[in-house]
Each structure stands twice: as structure tokens, then as C-alpha cells.
Protein chains: 2
Amino acid sequence: MRLTTKGRYAVTAMLDLALHGAAGPVTLADIAFRQGISQNYLEQLFGKLKRARLVISLRGPGGGYALACKPEEISVSAIISSVGEGVDATRCGGTSDCQDGLICLTHELWSDLSHRIDEFMSAISLASLVARDEVKLVSHRQDCDTQRRIEARAVG
Amino acid sequence: MRLTTKGRYAVTAMLDLALHGAAGPVTLADIAFRQGISQNYLEQLFGKLKRARLVISLRGPGGGYALACKPEEISVSAIISSVGEGVDATRCGGTSDCQDGLICLTHELWSDLSHRIDEFMSAISLASLVARDEVKLVSHRQDCDTQRRIEARAVG
DNA sequence: GCAATACCCGACTAGAACACTCAACTAATC
DNA sequence: GATTAGTTGAGTGTTCTAGTCGGGTATTGC
Ligand code: FES
Ligand code: FES
């Protein structure tokens, strides 16, 4: 089991998309700017998100990315799986054969744990994240920040 | 958050200790043999387990390792933490400052998740693992296997 | 048609971590 | 004093992360 920046970035970017996608497609440049993520790295992640059919893309000027379906239908679990960060905590990957082809002492434990984690993350959708107070707060702060930085750049 | 072979080995070895420690100290060679883990690698892990006061060591012939306290008092969470595999799923490590010193959009989500995982693993003790049917079964198979391999070596 | 925008794609890389391995040492027992 | 068994530190191959870079191609507006 591993949960690294890859999965976290993917969820963060998708949440950004859910928050700012109402007015039309959102560019990766915008997301990268707001969330402080490398745009080139985001491109890699969105390649996977697109292949997993979680987002759709629109090319050309005025283009960008949009959610492929309603925020209620996209779970955190799905996002993380799509970028290749398995929720699986077992060593065998579910095949029960990590000790010379036989089941090991602790397989059941890791299997249970995996199940718990998946349950938790499947129950959380983008919509439920958007509805959270802290998310609203942080998002508002980010928007003000972005506005300020744009103005600063226009002046300078 | 990461859960790799390191943490899994640590739990497996501790469980082996709980299963076979009744008759006195258990050597790393025994654990390595039964569980199919590199003995040298186990040495490193037991160094940490000892520093975390989860096991005690006895040197010399007839020596080995023993649990430092009762199996009911040792949780899976404690074992994993002791070898340095944080259960923490946040990027900031709890300081809420991963985006330029400010809290990021998804901090709360990862914080929640970490809490859930820790709750789950804290609730599971070595004693409760020993009591499980699958563990008993696998352990019995391992003992038979070990016996067979010893006999095979004696013959050969 | 032409240029600007923005997604698309593959290759490359520094650094970190994992999963070991090796060698030498000390303490305890018989 | 020989054997057992824990203790320690250093080193190593491999894999992965978290990027970077450089070039594409589709779409739009002039
Ligand atoms: S983790 Fe599945 S068999 Fe060991
Ligand atoms: S994960 Fe804690 S601030 Fe981003």
C-alpha cells in the first residue's frame, strides 16, 4: 500500500475541477497555479484520469478539462486507483500466495485493512468534499490569493 | 502514507514470536526460516523493535527474542510505527502547511483517513491475531513444513 | 491560412527509498 | 575457549517518485 503525492495531487486537482468547473473547462495552467503543482506533472496525471474516463478534455483556445460525470458519482477511491496507487495493503495482491505460493500468516490482516481503507474512500465523493466547510474556506482563500497574484503580475 | 514489506515483516515476525514464544526465547534464525524472511534484514527490524521496547533480547546460546509485554498490550499500530512506517497519510505530517505554509484543499481528507487507519490498527493486538482461526491454521501448516524441512535436511 | 492556445506524448533524470547483503564485534553459555 | 546468537555499521542493486524537457497535434479566432 502506498499513498504518495501522486494520488494526493490527483484528488486535489479533481477537487479543484469540481470547484471551478461550473463556468466551463478548466486549464491545467489554472489548476497548477492555484494548487501549486507542476503543470507538466499534472499532464501526466490527467492523461491517466482521462484514460480512466473520470475527466474529458477539450483542445484549443478556451479548452481545458471537465469532469466526465457528476461530482456525486466520482469517489476519492476511483481517483486514486486511476493514477495507479493501489489501495491494496497485501503483499500478494490478493492472490494469497506470498510465502512460496502459500498464504502467509498476516494475509487476512492486510486484506481486512485494505477493505477498510477502500470502504472509507469509496464513501467520499467529490460532491461531499465540495460541501465541506474547510474546503470552501481554503478554496476561497486560494481564489483571493490567485486574484492578488494576477494583479501583482499585471502591475509589475 | 506507506505500508511496505518492512512493516509487514515486522508484524509477521512479532506474531511468530507471540505464537512460538511460550517455550522461551525465539531466535531470528527460527523466525527467518519459518516465515521466509531474510535473517539479516530481520536483524535490522528487531533493532528497531527493541529500541521501541516491544521486545527484549537474550544473548548467547539458548538466547533469542521475547515479547517485552503481554500480547494483549501490543497493537499492530505500535509495531508498524516502531519500524518507521508512518500511518500518516497527510503530506504536511500534521502541520497543516503543505501549500506555501498554508493548509491545502485536501488536508482534512488525509487527516481523516490517517485517523481511521490508526484506529483500525490500534484496535488489533497480537493476542487477537493469535486467536484467529486462519492464523492458527497457517501457523500449524508452517510448523509442519518446518518439521518436514528439518527432517529432509537431516536425511540429506 | 496563420498564429495562438492548450491538450498530448514520450523520453529522460536526480534523488530517495526499499530490501536486502556483508563483515566485524560483543555477550553468554557449556 | 569454542560455539551460539544478538549488535552494529556500511554498502549495494533495484525500483519508484516527482518531476523536467521537447516536441507534437487539434481547435479557435483573425
Ligand atoms: S499478504 Fe497475501 S499471502 Fe501474504
Ligand atoms: S496535507 Fe496537510 S496541509 Fe496539505
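Below, chains carry the letters A, B, ... as their sequence lines are ordered, and counting in each starts from 1.
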Check your understanding: Which is true for A:Phe46 with a 4.0 Å heavy-atom rule: it touches a base, it touches only sugar-phosphate, or it touches nothing?
Key ->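 No contact.
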Check your understanding: Checking all strands, does A:Gly47 fall into the base, sugar-phosphate, or nothing category for heavy-atom contacts under 4.0 angstrom?
Key ->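 Answer is nothing: A:Gly47 stays at 4.0 Å or more from every strand.
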Output yes when at least one side-chain N/O atom of [X] is less than 4.0 Å from OP1 or OP2 of [N], else no.
| X | N | answer |
| --- | --- | --- |
| B:Arg2 | C:dC18 | yes |
| A:Ser57 | C:dA6 | no |
| A:Lys50 | C:dC8 | yes |
| A:Tyr9 | D:dG19 | yes |

Review point. Side-chain donor-acceptor pair under 3.5 Å between B:Thr90 and B:Asp88, yes or no?
Key: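 Yes, because at least one side-chain N or O of B:Thr90 sits under 3.5 Å from a partner of the opposite role on B:Asp88.
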Point to revise | Gap between atom CD1 of A:Ile79 and atom CG of A:Leu45 - 0.5 Å precision | key: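 One gets 11.5 Å once the value is rounded to the nearest 0.5 Å.
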Point to revise | Nearest-nucleotide comparison on DNA chain C, the residue closer to the 5′ end among B:Gly62 and B:Glu85 | key: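 By nearest-heavy-atom nucleotide position, the 5'-most residue is B:Glu85.
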Check your understanding: If you find the nucleotide of DNA chain C closest to A:Gly63 and the one closest to A:Gln44, which residue's nucleotide is nearer the 5' end?
Key ->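 Nearer the 5' end of the strand: A:Gly63.
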Exercise for review: Report yes if a donor N or O on one partner sits less than 3.5 Å from an acceptor N or O on the other, where the partners are the side chain of B:Arg59 and the base of C:dT26; otherwise report no.
Suggested key: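 Such a pair exists between side chain and base.
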What nucleotide, of [options], holds the atom closest to the side chain of [X]?
| X | options | value |
| --- | --- | --- |
| B:Thr4 | C:dA19, D:dT17, C:dC7 | C:dA19 |
| B:Pro61 | C:dC8, C:dT29, D:dG19 | C:dT29 |
| A:Thr27 | C:dC18, D:dG19, C:dC7 | C:dC7 |

Given atom [atom1] of [X] and atom [atom2] of [N], what is their separation to the nearest angstrom?
| X | N | atom1 | atom2 | value |
| --- | --- | --- | --- | --- |
| A:Leu17 | C:dC7 | CG | P | 11 Å |
| B:Ile37 | C:dT21 | CD1 | C1' | 16 Å |
| B:Leu42 | D:dT7 | CG | P | 13 Å |
| A:Gln39 | D:dG22 | CD | P | 15 Å |
| B:Arg51 | D:dT8 | CZ | C1' | 9 Å |

Review point. Take atom CZ in A:Arg53; do more than 12 heavy atoms of anything else shown fall under 6.0 Å from it?
Key: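 For A:Arg53, atom CZ is not crowded (no more than 12 foreign heavy atoms under 6.0 Å).
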Review point. Are the side chain of A:Ser128 and the backbone of A:Ser125 linked by a donor-acceptor contact shorter than 3.5 Å?
Key: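 Checked: pair present.
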Check your understanding: Okay, side chain of A:Glu85, backbone of A:Thr4: is any donor-acceptor separation there less than 3.5 Å?
Key ->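 Answer holds: yes.
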**Study point:** Whichever of A:Glu43 and A:Gly7 has its nearest DNA chain D nucleotide further upstream toward 5'
**Key:**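 Checking each residue's closest nucleotide, the 5'-ward one belongs to A:Gly7.
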